[in-house]
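Each remark here refers to the structure printed beneath this line.
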Amino acid sequence: MKDACRISAEALRAAGEAVKPGISTLEIDTIVRRYIEKQGASPSFLGYGGFPASACISVNNVVIHGIPKATTVLREGDIVSIDVGAFYRGYHGDNAYTFPCGSVSEEAQRLLDTTRASLYEGIKQAVAGNRIGDIGSAVQGYVEARSYSVVRSYVGHGVGAKLHEDPSVPNYGTPGRGVKLLPGMTIAIEPMVNEGTRHTRVLGDNRTVVTVDGKLSAHFEHTIAITPDGPKILTVCE
């Protein structure tokens, strides 16, 4: 798990370094695939459920599952969510980060800062003996106190030998409710936060998820190990 997560994090970092005006999302996807394969791993997303690329790259009002394309070219001021997974020696790592493309508006930066901070609020609750609802409640409370909304149609998840495992890890919930967290569990916590309404819709490609009101969305994710000494972040891209 540690090696898979390290590779996934390093691939995400490489992708983020490539985010600049004029590059296509397909070019970024190629960077991700080549890096992962160079490490002797394979992209977790490539072919997963028929997904055609190695990374999900979602721009501006795209929440998740954006398909990299040569025709999607980044512009100054875009925000770019990149979700990457690597499969190595039987285990997956999974992480995401929303990068600014050049200079972004104050409103966009505030959304990024809030979403990233909400991830760490959730991680603080990933303590043995706590429950899944403690994580979701922490994320939700932080986000909604700042007048943003948490996407509810898509959630975090267990991760390990399979990319998506039980338990589901919602970014909303009630403290003290849900599955108990135990040492040895590995979960992906991934707040998806919208500037406007929490509601989303799926485009005609049956993959790309966008905000219904066209407003911005941000997405941050880490794979976390529950240990007797507290949560351990296995993926780091900073």
Side-chain angles (χ1 to χ4, degrees), residues 5-36 43-45 51 53-86 93-123 139 143 146 148 150-151 154 156 171 188-195 200 207-211 214-223 233-238:
C5 287
R6 173 184 54 79
I7 293 167
S8 184
E10 290 172 350
L12 181 59
R13 183 183 296 112
E17 291 172 352
V19 171
K20 59 185 178 181
I23 195 170
S24 73
T25 55
L26 183 60
E27 289 175 288
I28 295 174
D29 183 74
T30 299
I31 290 169
V32 169
R33 177 177 55 79
R34 288 177 176 171
Y35 185 87
I36 291 173
S44 298
F45 300 169
F51 191 75
S54 299
C56 298
I57 306 181
S58 306
V59 182
N60 294 333
N61 70 316
V62 180
V63 181
I64 50 172
H65 302 163
I67 300 173
K69 297 177 182 178
T71 54
T72 302
V73 178
L74 301 184
R75 298 177 296 179
E76 183 86 12
D78 285 341
I79 61 171
V80 187
S81 171
I82 304 178
D83 193 352
V84 173
D94 190 6
N95 56 177
Y97 198 100
T98 304
F99 300 93
C101 183
S103 297
V104 301
S105 68
E106 289 183 12
E107 292 81 8
Q109 188 61 55
R110 182 171 179 266
L111 174 66
L112 298 186
D113 293 343
T114 298
T115 308
R116 180 178 176 276
S118 76
L119 168 60
Y120 288 94
E121 291 299 310
I123 290 171
V139 172
V143 167
R146 288 154 181 79
Y148 295 111
V150 171
V151 172
Y154 304 91
N171 297 300
I189 303 174
E190 51 176 322
M192 291 152 269
V193 176
N194 292 350
E195 187 178 37
T200 63
R207 297 189 188 280
T208 307
V209 179
V210 300
T211 58
K215 293 186 177 182
L216 297 177
S217 183
H219 177 207
F220 287 77
E221 176 185 23
H222 273 310
T223 296
I233 300 174
L234 300 180
T235 48
V236 178
C237 73
E238 306 164 89

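Keep in mind the model is a prediction, meaning the values are calculated, not measured.
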(message) Between Thr211 and Asn194, is there a side-chain donor-acceptor contact under 3.5 Å, judged purely by atom types and distance?
(response) no
(request) Please lay out, stage by stage, how Glu221 and Ile189 fare under the test side-chain contact (heavy atoms from CB on, under 4.5 Å). (result) CA-CA 6 Å; Glu221 176 185 23; Ile189 303 174; over 6 Å; no
(message) Could you report the tightest heavy-atom contact between Ser105 and Ala108, atom names first, then the distance?
(response) OG-N, 3.0 Å
(message) Could you check whether any side-chain heavy atom of Gln109 comes within less than 4.5 Å of a side-chain heavy atom of Leu112, counting everything from C-beta outward?
(response) yes
(message) Between Tyr120 and Ile233, is there a side-chain heavy-atom distance shorter than 4.5 Å?
(response) yes
(request) Decide yes or no for Ile28 and Val19: does some side-chain heavy atom of the first lie under 4.5 Å from some side-chain heavy atom of the second? (result) yes
(message) Strictly below 4.0 Å, N to O, side chains only: are Glu17 and Arg13 in salt-bridge contact?
(response) no
(request) Taking all non-hydrogen atoms of both residues into account, name the closest pair between Val104 and Pro100 and its distance. (result) CG1-CB, 3.6 Å
(request) Begin with the C-alpha distance, continue with both residues' side-chain angles, and end with the deciding distance and a verdict on side-chain contact (heavy atoms from CB on, under 4.5 Å) for Arg116 and Leu119. (result) CA-CA 5 Å; Arg116 180 178 176 276; Leu119 168 60; 5.7 Å; no
(message) Tell me the closest heavy-atom pair linking Gly93 and Ser8, and the distance in Å.
(response) O-OG, 3.6 Å
(message) With a 4.5 Å cut-off on side-chain heavy atoms, are Thr98 and Val80 touching?
(response) no
(message) Rounded to the nearest 0.5 Å, what separates atom CD1 in Ile31 from atom CG in Leu12?
(response) 12.0 Å
(message) Determine whether a donor-acceptor pair (N or O, by modelled atom type, separation under 3.5 Å) exists between the side chain of Asp29 and the backbone of Ala55.
(response) yes
(request) With the side chain counted from C-beta on, respond yes when Ile23 and Val73 share a heavy-atom pair under 4.5 Å apart, and no when they do not. (result) no
(request) With the side chain counted from C-beta on, respond yes when Tyr154 and Val209 share a heavy-atom pair under 4.5 Å apart, and no when they do not. (result) yes
(message) Distance alone, cut at 3.5 Å: any donor-acceptor contact between the side chains of Ser24 and Glu27?
(response) yes
(message) If we ignore hydrogens and angles and just use 3.5 Å, is the side chain of Thr30 paired with the main-chain N or O of Leu26 as donor and acceptor?
(response) yes
(request) Kindly compute the distance separating CG (Asn61) from OG1 (Thr200), expressed to the nearest 0.5 Å. (result) 11.5 Å
(request) Please assess Val193 against Phe220 for the test side-chain contact (heavy atoms from CB on, under 4.5 Å), listing each intermediate value before the final yes or no. (result) CA-CA 9 Å; Val193 176; Phe220 287 77; over 6 Å; no
(request) Decide yes or no for Met192 and Val63: does some side-chain heavy atom of the first lie under 4.5 Å from some side-chain heavy atom of the second? (result) yes
(request) Measure the spacing between CZ of Arg146 and CZ of Arg110 and express it to the nearest 0.5 Å. (result) 8.0 Å
(message) Can you tell me how far apart CD (Glu76) and SG (Cys101) are? Round to the nearest 0.5 Å.
(response) 6.5 Å
(message) I'd like to know whether Val143 forms a side-chain contact (heavy atoms from CB on, under 4.5 Å) with Thr115, so could you lay out the CA-CA distance, the side-chain angles of the two residues, the decisive distance to 0.1 Å, and finally the verdict.
(response) CA-CA 7 Å; Val143 167; Thr115 308; over 6 Å; no
(request) Verify whether one side chain among Thr235 and His222 offers a donor that lies under 3.5 Å from an acceptor in the other. (result) yes
(message) Please report the interatomic distance SG(Cys56) to CD1(Ile64), rounded to the nearest 0.5 Å.
(response) 7.5 Å
(request) Grab the two heavy atoms, one from Glu190 and one from Asn171, that are nearest each other, plus how far apart they are. (result) O-ND2, 3.0 Å
(request) Find the distance between CZ (Phe99) and CG (Asp78) and round it off to the nearest 0.5 Å. (result) 14.0 Å
(request) Search all heavy atoms of Lys69 against all heavy atoms of Thr25 and return the closest pair with its distance. (result) N-OG1, 2.9 Å
(message) Between His219 and Tyr97, is there a side-chain donor-acceptor contact under 3.5 Å, judged purely by atom types and distance?
(response) no
(request) Verify the distance criterion only: is there a donor paired with an acceptor across the side chains of Tyr35 and Glu10 at less than 3.5 Å? (result) yes
(request) Verify the distance criterion only: is there a donor paired with an acceptor across the side chains of Thr223 and Asp94 at less than 3.5 Å? (result) no
(request) Work out which heavy atom in Gly85 is nearest to a heavy atom in Phe45; give both atom names and the distance. (result) N-CZ, 3.6 Å
(message) What I'd like to find out is whether the side chain of Glu121 reaches to under 4.5 Å of the side chain of Val139, using heavy atoms alone.
(response) no
